[in-house]
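Data first, discussion second: the structure below is written as structure tokens.
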Amino acid sequence: MPTYTPSQSEAIACVEEPLQIIACAGSGKTQVISQRIADLLASGRAEPRNIVAFTFTERAAAELKDRIVHLVEEAGTSTVGLAEMFIGTMHGYCLDLLQRNVPETFKYNVLTDITARLLVDRNSRQSGLTTCEAVVNGTPKKLRRFVNSRLYLSALGIFREDDVDQNRVPSSFKMAFEAYTHLLRTKGYLDYTAMIQLAVEMLENLDPEDDDSMAQALHGYVRDGVKFLVVDEYQDVNPLQERLIRALTQFGANLCVVGDDDQTIYQWRGSEVSNIITFARRHASVRQVTLDDNFRSSRGVVELGRSIAETIPVGDRLAKRMVASGHQEWERGDLLALDFGTENDEVRWICDRIEGLRGVSFCDSPSATPRGLSWSDCAVLYRSVSADAGPLVDELRRRDIPFVIKGLNRLFDSPEVAAVVNIFDYMVETISAAGLRTAWETAELIPTSGSWDAAVAVLDTGRDFERGQRWGIYNIQRVYLDFLEALGIREDNLPGQRERRELAFYQLGKFSQVISDFEEIHFSSTPAEKYQAFAKWLQYQAPDYYADVDDDVGYATPDAVTISTVHQAKGMQWPAVFVPCLRRNRFPSKRQGGLNVFHVIPESAIPGADRYKGTRDDEARLFYVAITRAQKYLHITYSPGAGKFYGKRSEFFDHCTRHSLVSTRDPGLPAGGRLTPQPKVEAAQITLSFSELKYYFECPYQFKMRFLYGFNAPLHEALGYGKGLHDALSEVHKRAIHGDLVTVSSAKDLVDRHLHTPYAYPELRKQLERSAIDAVARYLTTHGDELALTLHSEQPIQVHLGDGVVVDGRVDLIRRLDTDEVSIVDFKSTDRAQQEEVTRDQLHIYAVGYQELKGERADLIEVLNLDPGAKSTREQVDDALLTSIRDRIQAAGTALRENDLPRHVSWCGACESCDFVALCRPRESNQRDGAERE
DNA sequence: TGTTCAAATGTTTTT
DNA sequence: CATTTGAACA
């Protein structure tokens with residue numbers, strides 16, 4: 001067990017009263033929270049299911065969970081049931097809460113930022129967009145479709161997440177809000193805010209008298225289940241999230257909040273610093289523990305950081321005094337604040353320095369043997385990557401220095417995507433076939449052995465909008481995939497090197513995702529209009545929507561310089577950090593022109609509205625975060641930017657030059673010999689869902705196409721049928737667990753509640769509804785008397801493989817048979833065909849998960865097919881398979897980390913059912929799935 | 001130190 | 001196209 005400082009130990013041990021941990025940068029707070037939770041489990045004070053921990057990102061959650069599991073294993077505490085501990089985001093928690101406990105919401109789909117905006121624009125009136133008014137200089141103006149939808153959505157966000165004074169909000173906005181809410185409900189959507197909002201409303205109104213069995217269960221779950229709540233990054237909690245925290249602790253759960261007010265950098269997203277500042281005043285007998293030992297950085301970095309934080313008025317900060325307690329030595333010349341005459345000088349110097357630091361000796365920990373610094377030990381942090389990082393990127397390219405950049409990956413800027421966009425310009429006849437061909441030639445996307453004419457023929461057929469009545473046949477995704485297929489495009493027959501071809505395929509895959517986003521909202525528009533709208537959207541809207549796509553293909557961590565915004569660097573550290581472009585008006589950043597949310601919701605209606613605009617002190621906190629990312633070498637630089645707005649030095653830059661530990665002239669590179677550059681290796685956390693893993697087992701290359709490149713199968717008109725059945729049965733089983741046994745007469749009611757088939761035409765919808773009712777009735781008839789033996793429904797389970805690989809999933813049903821055997825059940829319906837061995841694998845993974853959950857083996861696995869006359873299977877859990885499956889998951893993790901995801905050597909059963917064979921190899925049989933194509 | 005006006009500007013991002 | 005900056009002027 002690691003040794004802890006007295007204050008760390010105090011925090012770990014405090015489990016009786018409300019605890020506030022004030023954690024300075026680099027103070028090891030994740031370790032402290034992990035240890036505290038591990039100790040709670042070891043002492044028997046809490047079962048895993050009594051613990052809920054919130055983080056702000058999935059990544060942080062994965063890391064926290066991994067640490068806890070390690071500590072629990074080290075301590076020799078049982079890991080049984082660990083899957084029932086919730087460690088994740090508030091959004092994840094609320095979504096889960098709703099979708100497991102509130103039957104009405106089982107069928108809801110989640111809107112992303114992109115699909116929400118598409119929905120608002122598509123339904124510009126019904127969403128309230130064009131009825132909402134912005135008051136500019138006293139004159140109300142209606143918001144406009146496309147132009148103001150982003151603004152409208154952010155206003156809706158603030159309205160729901162902040163404590164907005166209803167009386168000061170114009171009625172036009174309130175009506176618009178009602179319209180939007182209504183639209184979400186009728187279409188069966190939850191946006192990110194609605195997830196939390198609905199959950200909070202549920203929790204705040206829990207009524208022990210409620211006679212609904214599900215509502216009672218939810219009440220019991222919160223009252224008796226949640227005993228310890230931990231909230232990480234508490235400084236970033238907004239008012240709605242604070243309500244969630246209150247609601248979850250209303251029955252006396254212990255609350256522990258962890259954060260650093262100096263690192264509040266998301267005010268403009270609603271973070272309310274006062275939550276953390278006044279925490280002690282708002283809760284009785286709070287224990288406050290300050291972790292002010294910074295183990296990450298040298299004295300120089302720590303003191304410079306602290307001096308920045310101390311420019312914030314005392315009343316707006318929690319008292320703390322960060323001190324350097326790590327092993328990094330400060331040496332004169334480590335901290336530089338340099339002023340350059342031109343942008344080019346600045347950028348060249350940064351690259352020189354990065355090259356010069358390579359091989360410099362560095363120790364990651366007091367006991368570690370020194371290693372030579374490498375590319376990945378350097379990070380360049382910008383206030384705005386999109387505005388300022390361009391010149392550096394050019395210079396790094398010129399010098400062949402590897403880098404990864406976050407914040408400037410504009411999907412639509414690549415020639416590949418431009419060529420793809422042209423497909424749809426051709427579809428709506430704004431360019432000619434020749435123009436299209438030129439674009440594809442320019443983008444080097446025409447395979448060595450391809451049939452261009454056949455590909456264009458696909459489009460010609462596709463744009464004949466007189467082919468049939470059903471709108472579902474004018475499927476954009478289908479046209480796209482068919483076009484690629486006709487062209488004969490493969491990852492290995494594109495021009496260029498392996499990496500270029502991989503990147504090109506990645507772009508094609510991402511575009512498939514773009515289509516899915518659009519088509520989810522526009523599926524049933526009249527065909528011609530749908531293609532028109534798509535082409536227009538690609539031209540005007542989409543480039544900004546996809547302004548920063550994730551560009552890492554896979555889990556491999558390259559040895560490369562990181563370029564990122566300060567925001568994205570939060571929580572990370574590097575031996576050497578550069579903070580360039582410290583220009584006035586950029587950092588601290590000022591002003592925002594144009595129409596803003598305050599034209600829609602008056603400033604006076606929002607308490608602390610200032611924070612949405614960003615204050616100087618907010619920027620100081622951001623600068624503080626930037627500085628404290630550095631372990632040893634820190635370079636703050638300035639050069640005048642283009643235009644006189646950015647032609648002066650930032651006050652933060654001047655602050656640094658005045659600091660005594662900072663040098664303002666380049667003393668040259670650190671003295672001493674050079675070692676071989678050795679990047680720090682950190683194996684990426686891999687969390688796979690059961691279904692992802694299933695695809696991997698089916699075919700690693702299919703997995704890559706689907707999840708790493710992002711290819712999506714065409715939307716199917718019957719989509720939602722399988723899920724509806726699942727959800728209906730899930731309600732049946734959940735109610736059964738609470739002793740509420742449903743009978744055949746409820747079949748219709750269940751289907752009404754759960755079947756959601758947004759893409760079905762009326763005829764099909766009726767037909768699906770009938771078969772769903774039949775299926776549910778059939779299930780209740782044949783299995784009704786077994787319901788009382790239900791053990792778990794939609795039980796979350798996990799499989800942990802020691803080295804950061806976690807498989808996460810949910811089992812449809814676990815029940816006890818009258819023979820007293822425990823059986824794991826998976827429901828199947830008219831899903832895509834799946835090979836039997838894959839199903840067997842899948843159920844054995846469940847069996848492994850069950851074992852981790854309960855500490856006991858399941859006896860049987862069953863596949864219950866809900867289709868009429870279909871065959872169901874039941875077999876014993878196979879011990880050999882149970883053991884081997886763990887090894888195979890482990891191997892999958894290794895393969896993912898190494899990006900070794902090959903296709904099968906020859907055509908096989910997996911190819912038969914693969915949605916993307918066409919992009920992989922020639923089809924064995926020439927016939928395609930006729931039904932889907934009409 | 002305050003007022004006026006022309007010129008220049010368009011961040012940051014998780015779920 | 002609304003807002004903010006910074007210089008010119010009072």
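Chain naming here is simple, since letters A, B, ... match the order of the sequence lines and numbering starts at 1 in each.
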Using whole Å, report how far NZ of Lys406(A) lies from P of dT12(B). 15 Å
When rounded to whole Å, the CG to C1' distance for the pair Asp618(A) and dT11(B) reads 13 Å
Could you say whether the aromatic ring of Trp268(A) and the base of dT12(B) stack, counting only centre distances under 5.5 Å and plane angles under 30°? yes
From the options dT12(B), dT11(B), dA2(C), select the nucleotide whose nearest atom is closest to the side chain of His599(A). dA2(C)
Counting the atoms with a prime plus P, OP1 and OP2 as sugar-phosphate, which does Lys141(A) contact under 4.0 Å by heavy atoms, base, sugar-phosphate, or nothing? sugar-phosphate
In terms of side-chain heavy atoms of Phe645(A), which of dT14(B), dT15(B), dT9(B) is nearest? dT9(B)
Output the rounded distance in Å from CZ (Arg383(A)) to P (dG10(B)). 12 Å
Paired with dT12(B): which nucleotide, if any, by Watson-Crick or G-U wobble criteria at under 3.5 Å for both distances? none
Nucleotide of dT11(B), dT15(B), dT13(B) approaching Tyr192(A) most closely (side-chain heavy atoms): dT15(B)
When rounded to whole Å, the CD to C1' distance for the pair Glu58(A) and dT13(B) reads 15 Å
Let me know the distance between CZ of Arg586(A) and P of dT5(C), rounded to the nearest Å. 13 Å
Does a nitrogen or oxygen in the side chain of Ser384(A) sit under 4.0 Å from OP1 or OP2 of dT12(B)? yes
Is a salt bridge present between Arg59(A) and Glu63(A), judged by a nitrogen-to-oxygen distance below 4.0 Å? no
Using whole Å, what does the distance between atom P of nucleotide dT13(B) and atom CZ of Phe56(A) come to? 16 Å
Compare all side-chain heavy atoms of Leu190(A) with those of Asn109(A) and state whether any distance is below 4.5 angstrom. no
Quick note, Gln568(A) side chain, CB onward, closest among dT12(B), dT13(B), dG6(C) is dT13(B)
What interatomic distance, in whole Å, is found between P of dA2(C) and the corresponding atom of dT12(B)? 23 Å
Between Phe279(A) and Tyr234(A), does the ring centroid distance fall short of 6.0 Å? yes
If I take atom CD in residue Glu603(A) and atom C1' in nucleotide dT3(C), what distance separates them, rounded to the nearest angstrom? 13 Å
Of the listed dT13(B), dA2(C), dT11(B), the closest approach to the Ser589(A) side chain comes from dT11(B)
Report the relative orientation of the aromatic rings in Tyr638(A) and Phe653(A); use parallel for angles under 30°, tilted for 30 to 60°, perpendicular for over 60°. tilted
Going by the angle between their ring planes, with limits at 30° and 60°, are Phe177(A) and Phe159(A) parallel, tilted or perpendicular? perpendicular
Base, sugar-phosphate, or nothing for Lys648(A), non-hydrogen atoms under 4.0 angstrom? sugar-phosphate
Remember a base hit wins even if backbone is also touched, and classify Ser386(A) as base, sugar-phosphate or nothing at under 4.0 Å, heavy atoms. sugar-phosphate
Given Val404(A), Leu381(A), Ile405(A), the one that forms side-chain contact (heavy atoms from CB on, under 4.5 Å) with Ile563(A): Ile405(A)
When we call it a touch if two heavy atoms are under 4.0 Å apart, what does Asp191(A) touch: a base, just sugar-phosphate, or nothing? nothing
When you compare dT11(B) with dT5(C), how far apart are their P atoms, in angstrom units rounded to a whole number? 15 Å
Given dG6(C), dT13(B), dT11(B), the nucleotide with the shortest approach to the side chain of His567(A): dT13(B)
If you pin Arg584(A) and Arg144(A) to their nearest nucleotides in DNA chain C, which one's is more 5'? Arg144(A)
Tell me whether the side-chain N or O atoms of Arg269(A) pair up with the base of dT12(B) as donor and acceptor below 3.5 Å, since no angle test is needed here. no
Euclidean distance, atom CD of residue Glu651(A) to atom P of dG6(C) [Å, nearest integer]: 12 Å
Measure from the side chain of Asn585(A), starting at C-beta and using heavy atoms only, and say which of dT5(C), dT15(B), dG10(B) lies closest. dT5(C)
Please name the nucleotide paired to dA8(C) by Watson-Crick or G-U wobble geometry with both distances under 3.5 Å, or report none. dT3(B)
Salt bridge between Arg649(A) and Asp654(A), side-chain N to carboxylate O under 4.0 Å? yes
Under 4.0 Å: is that the gap between some side-chain N or O of Tyr612(A) and OP1 or OP2 of dT12(B)? no
